[in-house]
Amino acid sequence: MERPILKPGPSHPITVTPSPRRVTVTANGRTIVDTTRAVTLQEASYPAVLYLPREDTDMTALEPTESHTYCPYKGQASYFDIVTDEGRLSDAVWSYEAPHDAVPDIAGRLAFYPDKVQITEH
């Protein structure tokens, strides 16, 4: 079955812009990300999402899962658990490894569920 690929437009706009702030992500007291290179994806009327570079992420805290979702505007997302000494946060992180052409700036970056981690913009 072929998955649909939709392009952003006036009825469903998507923008990706550099964030002017330093962003940190902590989970169970452990700093997972500390970056000044975040980008903010704003899609239609959904809440804005920060996408963070892997280079500024403690990748030793992340374990890939078998979970995947599909967005017709962005493509297939892969998921990661966060593992700390205090426990595991399941599917707390997602990434578009090969996003659709409309959003190339999020390729390989990581996004975190704000109800599972603490995201701070300084």
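Start at 1 with the first residue, then count along the sequence.
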Quiz item: So, do Thr31 and Asp58 sit near enough that their side-chain heavy atoms are less than 4.5 Å apart?
Solution: no
Practice problem: Establish whether Ile32 and Val83 are linked, either directly or via other cluster members, by ILVMFWY side-chain heavy-atom contacts under 4.5 Å. | Solution: no
Quiz item: Any link between Val23 and Phe80 through a network of hydrophobic side chains (Ile, Leu, Val, Met, Phe, Trp, Tyr) touching at under 4.5 Å?
Solution: yes
Quiz item: Do Val16 and Leu6 belong together in a cluster built from hydrophobic side chains that touch within less than 4.5 Å?
Solution: yes
Self-check item: Pairs meeting criterion side-chain hydrogen bond (donor to acceptor under 3.5 Å, both in side chains) with involvement of residues 99-108, two or more places apart
Solution: Tyr70-His100
Exercise. Identify the heavy atoms of Leu50 and Ala38 that sit nearest to each other, and give their distance.
Key: CD2-CB, 4.3 Å
Quiz item: Can you name the nearest heavy-atom pair linking Arg54 to Ser95, along with the distance?
Solution: NH2-OG, 3.1 Å
Quiz item: Minimum heavy-atom separation for Ala77 to Trp94, with atom names?
Solution: CB-CD1, 4.2 Å
What side-chain donor-acceptor pairs closer than 3.5 Å can you find for residues 110-122, not counting sequence neighbours?
residue : atom : partner : partner atom : Å
Lys116  : NZ   : Ser90   : O            : 2.5
His122  : NE2  : Thr24   : OG1          : 2.9

Exercise. Starting at OG1 of Thr65, measure out to OH of Tyr79 and round the result to the nearest 0.5 Å.
Key: 8.5 Å
Practice problem: Considering non-hydrogen atoms only, spot the tightest contact between Arg109 and Arg37 and give its length. | Solution: NH1-O, 2.9 Å
Practice problem: Would you please name every residue forming a side-chain contact (heavy atoms from CB on, under 4.5 Å) with Ser45, sequence neighbours left out? | Solution: none
Quiz item: Which pairs with one or both residues in residues 10-19 pass side-chain hydrogen bond (donor to acceptor under 3.5 Å, both in side chains), sequence neighbours excluded?
Solution: His12-Glu43
Quiz item: Quick one: side-chain contact (heavy atoms from CB on, under 4.5 Å) partners of Glu66, sequence neighbours excluded?
Solution: none
Self-check item: Gap separating the NE2 atom of His68 from the CG atom of Asp91, nearest 0.5 angstrom
Solution: 10.0 Å
Exercise. Say whether Met59 and Val93 are linked into one hydrophobic cluster, either directly or through other cluster members, by side-chain heavy-atom distances under 4.5 angstrom.
Key: yes
Quiz item: OG1 of Thr35 to OH of Tyr51: how many Å apart, nearest 0.5 Å?
Solution: 15.5 Å
Quiz item: What pairs with Pro13 under side-chain contact (heavy atoms from CB on, under 4.5 Å), at least two apart in sequence or on another chain?
Solution: Ala44
Exercise. May I ask you to test the Thr40-Val49 pair for a side-chain heavy-atom distance under 4.5 Å?
Key: no
Practice problem: Rounded to the nearest 0.5 Å, what's the gap from CD1 on Ile82 to OG1 on Thr57? Could you check? | Solution: 10.0 Å
Quiz item: Considering all heavy atoms of both residues, which atom of Gly87 and which atom of Asn28 are nearest to each other, and what is their separation?
Solution: O-ND2, 4.0 Å
Quiz prompt | Heavy-atom closest pair, residues Lys74 and Ile106 | solution = CD-CD1, 4.1 Å
